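Below is one structure, written out as structure tokens, with a few remarks after it.
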Amino acid sequence: MTSVCPFAKAARPDDVCLRKSSENNIKCRAENDGKDKKEPNESSSVLPKCPFGYDSHTFKLGPLSCVLCQAILFDTRKCVPCSHKFCNACISRFKDCPLCGADIEKTEPDKDLQDTVDRFIEGHARIKRSQVNMESKEVNSHNNKVTYEDVSLERGAFLVQQAMRAFRAHNILSAKSRLILCAEDIREQLERMGNSSELCSQLGAVLGMLGDCCRAMGDTGSAIGYFEESIEFLSKLPSDDLEVMHTLSVSLNKIGDLKYYDGDLRAARSYYSRSLDVRRNALKDQSNGPSLTLDVAVSLSKVADVDRSIGNENVAIEGFTEAIKWLESLTLSPSESGFEERRQSVLEFLKNQLSENQAVSSV
């Protein structure tokens with residue numbers, strides 16, 4: 001699953017506060033520090049916070065979080081006899097309570113707490129308040145004009161954040177559940193507002209994440225369905241958006257991988273080739289991008305590997321050779337050491353493929 005939140009432009013990334021939020025905090029503190037010097041009628045900013053900590057300034061593990069996966073509780077279970085609560089998928093790996101060390105005799109569903117969690121998720125960030133002036137409110141016994149701001153995470157960013165945390169902790173069902181809610185929200189917006197680049201990009205990325213969840217669960221058919229739908233939405237977007245094109249090419253490659261391991265080599269080659277075309281076109285617009293060059297080389301190697309498997313050895317050699325030329329022509333700066341490690345790794349693989357062919361030919 002990608003580590004990049006598709007809502008990053010609208011909200012903070014996972015566990016990172018927006019610079020704007022920090023500036024608001026600083027501004028608010030400055031105003032509070034100087035409140036004795038203010039005129040009575042001067043406005044002040046009041047920043048409400050979610051009592052459970054799910055806002056854009058901080059994140060804390062509150063009563064609705066699982067301390068193991070650090071995501072919102074899903075399929076909540078209570079340990080007996082200690083009564084500590086976790087996600088079912090998380091606690092099922094333990095014989096002793098991770099919090100207190102007590103022997104776990106059994107676990108029981110906690111329907112009341114799970115219902116509370118579900119209601120919280122359903123209502124989170126549903127109502128957006130964009131600086132509404134409340135003339136009649138009084139703060140600190142002064143008749144100040146109060147500005148209320150929305151500080152909650154964007155709903156989409158919140159759901160994706162929880163899904164990414166659960167996925168990293170191998171709580172796949174939890175991740176899938178949150179992503180399905182997120183996809184439903186975006187579909188509703190598409191119905192109301194029509195297709196837009198931002199919504200199509202977000203839905204395409206979320207559908208790709210759902211494909212990752214299904215693949216991790218071994219549900220190949222559903223994974224391919226989600227990846228195909230992701231491709232459908234991402235293909236509607238301008239090709240000059242490199243992040244979108246990268247996500248599109250990755251979805252194509254993932255279907256190719258699933259077809260490859262299922263033994264459908266012709267279909268795998270078709271998807272690999274489509275991914276290669278997307279990456280070649282992106283490279284034309286950004287000819288000096290090291291990541292794009294590496295992506296093209298990887299796609300060339302995937303296509304060539306399938307060509308070899310279906311008996312097109314000469315075509316495969318041409319593909320491996322072209323990929324090597326791309327990588328050898330790539331010039332990297334010292335600050336791009338991460339790319340250099342990946343480049344050397346791919347180069348080693350490609351040269352080994354050519355060496356295998358030479359060894360077979362000599363025999």
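For clarity, every value in this text was computed on a predicted model and none was experimentally measured.
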Next item on the list: Mark yes or no for whether Thr321, through its side chain, and Ile317, through its backbone, hold a donor-acceptor pair below 3.5 Å.
Entry: yes
Item checked: Atom of Ile72, atom of Arg178 and distance for their closest heavy-atom approach -> O-NH2, 3.7 Å
Item checked: Ile121 side chain near Val117 side chain, heavy-atom distance below 4.5 Å -> yes
Item checked: Smallest separation among heavy atoms of Val296 and Leu276, with atom names -> O-CD1, 3.8 Å
Notebook entry, point to check: With hydrophobic residues grouped by side-chain heavy-atom distances under 4.5 Å, do Leu300 and Val315 end up in a single group?
Noted result: no
Notebook entry, point to check: So Arg342 and Asp295, salt bridge (Lys or Arg N to Asp or Glu O under 4.0 Å) or not? Walk me through it.
Noted result: CA-CA 11 Å; Arg342 187 181 171 204; Asp295 285 344; 3.3 Å; yes
Notebook entry, point to check: What is the minimum heavy-atom distance between Pro63 and Leu73, and which atoms define it?
Noted result: O-CD1, 4.1 Å
Next item on the list: Using modelled atom types only, decide if a donor and an acceptor are shared between the side chain of Arg343 and the backbone of Leu294 within a distance under 3.5 Å.
Entry: no
Next item on the list: Please answer whether the main-chain N or O of Ser174 pairs with a side-chain N or O of Ser177 as donor and acceptor at a distance below 3.5 Å.
Entry: no
Checklist line | Polar contact flag, side-chain donor to acceptor under 3.5 angstrom, Asn314-Glu318 | finding: no
Next item on the list: Report yes if the side chains of Cys87 and Asn171 come closer than 4.5 Å at any heavy-atom pair, otherwise no.
Entry: yes
Check: Which heavy atom in Phe86 sits nearest to a heavy atom in Pro98, and how many Å separate them?
Finding: CZ-CD, 3.7 Å
Check: Passes salt bridge (Lys or Arg N to Asp or Glu O under 4.0 Å), Lys111 versus Asp115? Steps please.
Finding: CA-CA 6 Å; Lys111 185 178 183 302; Asp115 287 346; 2.8 Å; yes
Item checked: Audit row: Gln344, Glu348, side-chain hydrogen bond (donor to acceptor under 3.5 Å, both in side chains) steps and yes/no -> CA-CA 6 Å; Gln344 291 297 335; Glu348 182 180 359; over 6 Å; no
Checklist line | Tyr226 with Val244, same ILVMFWY side-chain cluster at under 4.5 Å | finding: no
Next item on the list: Consider only side-chain heavy atoms of I, L, V, M, F, W and Y, link residues closer than 4.5 Å, and tell whether Val298 and Leu258 are in one cluster.
Entry: no
Checklist line | Side chain Arg269, main chain Ile310, donor-acceptor under 3.5 Å | finding: no
Next item on the list: Could you grab the distance from atom OG of Ser249 to atom CG of Asp277, nearest 0.5 Å is fine?
Entry: 11.0 Å
Item checked: Residues forming a salt bridge (charged side-chain N to carboxylate O under 4.0 Å, His left out) with Asp257, sequence neighbours excluded -> Lys302
Notebook entry, point to check: Looking only at atom types and distance, does a side-chain atom of Asp103 sit under 3.5 Å from a main-chain N or O of Glu105, one as donor and one as acceptor?
Noted result: no
Note to self: In this structure, would Met209 and Ile231 fall into the same cluster of hydrophobic residues linked by side-chain contacts under 4.5 Å?
What the structure shows: no
Next item on the list: For the residue pair His246 and Leu234, establish whether any side-chain heavy-atom pair is separated by less than 4.5 Å.
Entry: no
Checklist line | Verdict with supporting geometry, Gln114 and Asp118, side-chain hydrogen bond (donor to acceptor under 3.5 Å, both in side chains) | finding: CA-CA 6 Å; Gln114 189 60 56; Asp118 294 341; 3.0 Å; yes
Note to self: If you define the side chain from C-beta out and look only at heavy atoms, does anything of Val303 sit under 4.5 Å from Glu322?
What the structure shows: no
Residues 213-225, side-chain donor-acceptor partners within the protein, below 3.5 Å, at least two apart:
{"residue": "Asp219", "atom": "OD1", "partner": "Ser222", "partner atom": "N", "Å": "3.2"}
{"residue": "Asp219", "atom": "OD1", "partner": "Ser222", "partner atom": "OG", "Å": "3.3"}
{"residue": "Asp219", "atom": "OD2", "partner": "Ser222", "partner atom": "OG", "Å": "2.7"}

Next item on the list: Looking only at non-hydrogen atoms, find the nearest pair between Phe227 and Gly208 and report the distance.
Entry: CE2-O, 3.3 Å
Checklist line | Candidate pair Tyr260 and Asp305, rule side-chain hydrogen bond (donor to acceptor under 3.5 Å, both in side chains), full reasoning | finding: CA-CA 10 Å; Tyr260 182 92; Asp305 183 54; 3.1 Å; yes
